[in-house]
Amino acid sequence: MISFVSGPVAAVAPDHAVVEVGGVGMAVQCTPGTLATLRVGEPARLATSLVVREDSLTLYGFADDDERQVFELLQTASGVGPRLAQAMLAVHAPDALRLAVATGDEKALTAVPGIGKKGAQKLLLELKDRLGAPVGAVTPPQRGRPTAAAPPGWSEQLHDALVGLGYQPREAERAVEAVRPQAEATLAEGGQPAVPGLLRAALQSLNRAR
């Protein structure tokens with residue numbers, strides 16, 4: 001098992017990053033929020049989970065060990081594969097998922113692309129005794145977890161992340177416009193918009209529009 005990878009970031013794409021480890025480029029599938037914290041040429045350390053299939057070996061990367069643990073626990077529920085587990089972590093932080101399951105919050109789960117009402121109900125039943133209680137303060141979705149400052153081009157990063165989650169380009173454009181005031185307010189204060197937080201706010205707007 002590969003528990004983590006550490007090294008300079010060689011490339012960042014909409015759905016994965018390449019980390020150079022001992023002269024070898026390791027392709028690591030990551031959530032948009034994690035990708036937004038990576039910079040090409042800078043060192044990074046990602047907790048990882050290796051998913052083995054008959055025809056593939058896929059390495060998934062996470063900001064920390066807690067996120068990786070939740071990723072693996074989510075897959076113990078029937079019908080949840082690595083892609084859906086990763087999508088759930090793209091929308092919600094680990095503690096937000098724990099809180100949603102603990103409180104039976106169907107709406108929080110249906111905010112994840114690929115999860116409908118019946119699927120959410122089933123997941124709430126199956127995961128109830130598996131994820132445990134939140135281990136820290138739950139950050140409101142619209143603000144996101146603390147992250148490294150996003151470089152200029154937040155709207156392009158956000159658009160690409162939404163398309164990578166399965167939304168149509170036109171839907172992604174509407175969601176970007178919905179959170180633009182939030183991003184511009186941050187810029188006006190001299191800061192840089194945090195893409196992970198904007199992503200969660202954009203997903204909330206898409207869920208309300210359903």
Side-chain angles (χ1 to χ4, degrees), residues 1-75 80-94 96-97 111-115 144-169 171-173 175-176 192-200 202-203 206:
M1 177 180 177
I2 302 174
S3 296
F4 70 90
V5 295
S6 179
V9 177
V12 177
D15 62 350
H16 72 278
V18 178
V19 179
E20 184 179 339
V21 181
V24 177
M26 304 285 286
V28 187
Q29 302 290 316
C30 302
T31 65
T34 298
L35 291 170
T37 68
L38 304 179
R39 303 289 179 268
V40 173
E42 294 186 7
R45 185 185 188 281
L46 297 172
T48 57
S49 179
L50 181 63
V51 176
V52 180
R53 295 287 185 266
E54 289 185 2
D55 58 348
S56 67
L57 295 173
T58 306
L59 197 61
Y60 289 83
F62 310 93
D64 53 41
D65 292 337
D66 184 41
E67 196 172 74
R68 176 183 60 194
Q69 181 183 30
V70 171
F71 171 80
E72 293 174 347
L73 286 172
L74 289 172
Q75 292 177 77
V80 178
R83 290 289 184 182
L84 183 55
Q86 187 179 56
M88 293 172 75
L89 285 165
V91 178
H92 299 295
L97 280 173
V112 179
I115 299 180
R145 283 170 284 173
T147 61
W154 66 267
S155 59
E156 291 82 0
Q157 288 187 48
L158 181 57
H159 185 276
D160 289 347
L162 290 165
V163 172
L165 285 172
Y167 288 99
Q168 294 299 315
E171 290 179 305
E173 290 167 10
V176 169
Q192 288 289 349
V195 175
L198 291 174
L199 174 63
R200 293 193 174 93
L203 287 166
L206 287 166

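- What you find for Met88 and Leu74 is that their closest heavy atoms are CE-CD2, 3.7 Å.
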Which donor-acceptor pairs under 3.5 Å do the side chains of residues 40-50 make with protein atoms, sequence neighbours left out?
| unit_1 | atom_1 | unit_2 | atom_2 | d |
| --- | --- | --- | --- | --- |
| Thr48 | OG1 | Ile2 | O | 2.5 |
| Thr48 | OG1 | Ser3 | O | 3.4 |
| Thr48 | OG1 | Phe4 | N | 3.3 |
| Ser49 | OG | Glu72 | OE2 | 2.9 |

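- Between Thr34 and Leu89, every side-chain heavy-atom pair lies at or beyond the 4.5 Å cut-off.
- Of all the heavy atoms in Ala111 and His92, the pair that sits closest is CB-NE2, 4.4 Å.
- Closest approach of Val91 to Pro113, counting heavy atoms only: CG2-CD, 4.1 Å.
- Closest approach of Val5 to Met26, counting heavy atoms only: CG1-CE, 4.4 Å.
- Although no hydrogens or angles enter the test, the distance criterion places no donor-acceptor pair under 3.5 Å between the side chain of Gln29 and the main chain of Thr58.
- Arg39 places a side-chain N or O within donor-acceptor distance of the main-chain N or O of Ala36, the cut-off being under 3.5 Å.
- For the atom pair CZ of Arg83 and CD of Gln75, the computed distance is 11.5 Å after rounding to the nearest 0.5 Å.
- Atom CZ of Phe71 sits about 4.0 Å away from atom CZ of Phe62, to the nearest 0.5 Å.
- Contact record, His159 with Ala172: CD2-CB, 3.6 Å, taken as the closest heavy-atom pair.
- The two residues Ala27 and Leu59 come nearest to each other via the heavy atoms O-CB, 3.8 Å.
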